[in-house]
Amino acid sequence: MRRSGGFAIVRRATNPRSPPVPAQILDGRQIAQQMREKLRAARGQLGPQPIRLVSIEIGQNPAAAVYVRNQQRAAAEVGIEMEVRNLPLAATEADLLAAIRELNGRPEVAGVLVQRPLPPGIDPRVVQSAIDPHKDVEGMHPANMGAILYREPTLPPCTAAAAQHLALSTGMDLRGAETVVVGHSEIVGKPIAVLLLHRLSTVTVCHVGTRRLVDHTRRADILVVAVGKAGLVHGDMIKPGACVIDVGINQGPDGRIVGDVDFASAADVAGWITPVPGGVGPVTVAMLMRNTLRAAGATV
Ligand code: NAP
């Protein structure tokens with residue numbers, strides 16, 4: 001693979017008889033590990049007082065349990081005390097809001113996090129809006145979401161910040177790069193598009209209304225896929241040498257976790273690609289820890 005102006009060029013693209021050059025794997029676990037080491041150093045500068053992150057979960061969801069464990073491990077490594085509160089499955093929206101308000105008022109709590117999925121009858125937007133925006137370490141309070149239109153806020157949405165960090169980790173010059181984001185959800189697709197727009201990349205957002213997805217994905221230097229549909233993007237939809245960030249998390253037919261991008265075919269064409277699992281997910285957790293330290297006053 002040759003690199004020109006920060007972009008990877010795959011020789012096979014110009015000579016069909018050349019063997020495919022596999023993409024570089026953007027190893028989210030390794031990148032997250034490096035982040036945690038830096039965060040631990042930043043945490044040390046905050047002094048000996050405990051830094052507390054409180055996670056609230058209603059009932060006990062096996063999928064959420066994996067996330068909570070990963071968050072607890074990352075918190076312990078960085079030096080954050082993570083407290084996990086479980087409300088009974090019968091808890092109402094009012095119960096959850098009361099628990100959040102109590103935590104908002106406790107000065108020793110730096111961050112508050114509500115695990116999803118929430119049971120039916122509880123509106124995630126109402127819940128997220130109830131968290132003090134200064135303790136909203138997931139970066140999903142309307143104040144933090146709104147702030148990204150002006151600039152990157154102190155507490156950006158974690159998955160969007162992770163996608164941006166992974167794109168930057170390639171060394172690509174984002175200025176002027178063609179970026180295509182597939183998926184336009186409030187918590188993932190839209191904030192990713194805005195953060196990459198701030199880097200002066202030229203951003204196209206695709207969604208269910210997009211006529212021919214492939215026409216857009218094929219011109220992307222940076223392709224971010226955040227839909228939740230296994231195999232939505234194949235290698236033949238990717239520009240040779242592109243940076244592919246796969247945000248999707250899906251259960252494959254054999255029960256294994258897979259992304260939205262068909263990894264095998266995409267890795268033959270892309271310049272860089274995130275695996276699933278082990279790509280965006282670990283970096284998202286590291287971003288949660290970064291936001292918690294920022295909420296506690298660290299400059300990191
Ligand atoms: P979501 O709220 O369901 O949003 C999915 C988006 O994809 C919507 O904007 C939807 O458009 C769009 N979409 C659906 N079908 C499409 C198609 N065929 N072509 C183009 N766009 C299409 O999901 P989300 O919360 O954004 O999450 C997306 C994926 O990321 C999920 O797999 C989720 O598990 C994963 N995720 C991963 C992390 C991580 O840390 N790795 C964090 C959060 C989420 P409409 O709304 O118009 O239908």
Side-chain angles (χ1 to χ4, degrees), residues 25-29 31-32 35-36 55 61-71 73-74 113-118 123-125 127-128 137-140 144-145 148 156-167 169 179-196 203-218 220 223-234 237-238 244-253 256-263 273-291:
I25 306 297
L26 289 171
D27 184 344
R29 292 194 179 107
I31 291 169
M35 280 184 70
R36 289 195 298 272
S55 154
N61 180 304
V66 176
Y67 292 121
V68 173
R69 262 201 311 280
N70 290 340
Q71 290 161 356
R73 260 191 231 120
L113 156 72
V114 177
Q115 302 290 346
R116 266 166 288 253
L118 288 165
D123 183 342
R125 290 185 194 201
V127 170
Q128 209 63 43
V137 287
E138 286 188 288
M140 290 182 194
N144 289 318
M145 284 289 199
I148 69 171
C158 297
T159 306
Q164 177 184 244
H165 188 77
L166 283 157
S169 76
T179 294
V180 173
V181 179
V182 188
H184 68 148
S185 72
E186 282 80 22
I187 60 168
V188 186
K190 282 192 189 107
I192 290 173
V194 174
L195 290 186
L196 294 173
V203 181
T204 303
V205 182
C206 298
H207 39 67
V208 281
T210 301
R211 291 210 183 94
R212 270 177 51 87
L213 184 61
V214 63
D215 290 348
H216 300 278
T217 59
R218 269 193 198 145
L223 176 61
V224 184
V225 191
V227 171
K229 286 198 175 138
L232 180 70
V233 171
H234 279 257
M237 297 169 72
I238 294 171
V244 178
I245 313 271
D246 188 356
V247 182
I249 302 174
N250 312 286
Q251 193 142 27
R256 282 190 307 153
I257 298 295
V258 294
D260 290 346
V261 177
D262 176 59
F263 186 84
I273 187 166
T274 57
V276 179
V280 176
V283 183
T284 298
V285 175
M287 287 297 173
L288 179 71
M289 300 306 141
R290 188 185 75 170
N291 278 356

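When a ligand or atom number is given, it counts from 1 through the structure's own listing order. One is the number of the first residue; the rest follow in order along the sequence.
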**Study point:** Minimum-distance protein heavy atom relative to atom 40 (O) of ligand 1
**Key:** T284 OG1, 3.1 Å
**Study point:** Shortest non-hydrogen separation from P157 to I148 and the atoms involved
**Key:** CD-CG2, 4.2 Å
Check your understanding: For atom 31 (C) of ligand 1, what is the nearest protein heavy atom, given as residue, atom name and distance?
Key -> G228 CA, 3.7 Å
Check your understanding: So which heavy atom in the protein is nearest atom 15 (N) of ligand 1, and how far is it from that ligand atom?
Key -> K229 NZ, 3.0 Å
Review point. Which residue owns the protein heavy atom closest to atom 42 (C) of ligand 1, what's the atom, and how far is it?
Key: T159 OG1, 3.2 Å
**Study point:** H207: numbered ligand 1 atoms lying under 4.0 Å from its heavy atoms
**Key:** 20 (C), 21 (N)
Review point. Where the side chain of D262 meets the backbone of H234, is there a donor-acceptor pair that is under 3.5 Å apart?
Key: no
Point to revise | atom 48 (O) of ligand 1: the protein heavy-atom neighbour that sits closest, reported with distance to 0.1 Å | key: V208 CG1, 3.6 Å
Review point. With a 4.5 Å heavy-atom cut-off, do V214 and T217 have their side chains touching?
Key: yes
Point to revise | Among A226, G183, A230, closest by any non-hydrogen atom to atom 28 (C) of ligand 1 | key: A226
Review point. Is there side-chain contact between N250 and D260, with heavy atoms separated by less than 4.5 Å?
Key: yes
Exercise for review: Note the single closest protein heavy atom to atom 8 (C) of ligand 1, along with its residue, its atom name and the distance in Å.
Suggested key: H184 CD2, 3.8 Å
Point to revise | Which residue and heavy atom of the protein sit nearest atom 1 (P) of ligand 1, plus the separation | key: S185 CB, 4.0 Å
Check your understanding: Do you see a donor-acceptor pair shorter than 3.5 Å between the side chains of Q115 and Q71?
Key -> yes
Point to revise | Test applied, side-chain contact (heavy atoms from CB on, under 4.5 Å); reference residue, S55; option that passes from L113, V137, L288 | key: L113
Exercise for review: May I ask you to check whether over 12 heavy atoms, not counting those of F263, lie within 6.0 Å of atom CZ?
Suggested key: yes
Review point. Would you say G189 touches ligand 1, if touching means a heavy atom closer than 4.0 Å?
Key: no
Practice item. Just jot down the ligand 1 atoms closer than 4.0 angstrom to any heavy atom of V182, in number order. Key: 20 (C)
Point to revise | Nearest-neighbour protein heavy atom for atom 27 (O) of ligand 1, which is reported as residue plus atom name and distance | key: V188 CG2, 4.1 Å
**Study point:** Whether T210 side chain and L213 backbone form a donor-acceptor pair below 3.5 Å
**Key:** no
**Study point:** Flag side-chain contact, heavy atom, 4.5 Å: M35 against M287
**Key:** yes
**Study point:** Short side-chain to backbone donor-acceptor contact, T274 and L26, under 3.5 Å
**Key:** no
Check your understanding: Of all the atoms in ligand 1, which lie at a distance below 4.0 Å from a heavy atom belonging to G281?
Key -> 40 (O), 41 (N)
Check your understanding: Between D260 and ligand 1, does any nitrogen or oxygen pair lie at a separation below 3.5 Å?
Key -> no
Review point. What part of V227 sits under 4.0 Å from ligand 1 if we count only heavy atoms: the side chain, the backbone, both or neither?
Key: both
Review point. For ligand 1, which atoms have a heavy atom of V280 less than 4.0 angstrom away?
Key: 41 (N)
Point to revise | Reported OG1-to-CG distance for the pair T204 and D215, which is rounded to 0.5 angstrom | key: 11.5 Å
Practice item. Check if V247 has a non-hydrogen atom at a distance under 4.0 Å from any atom of ligand 1. Key: yes
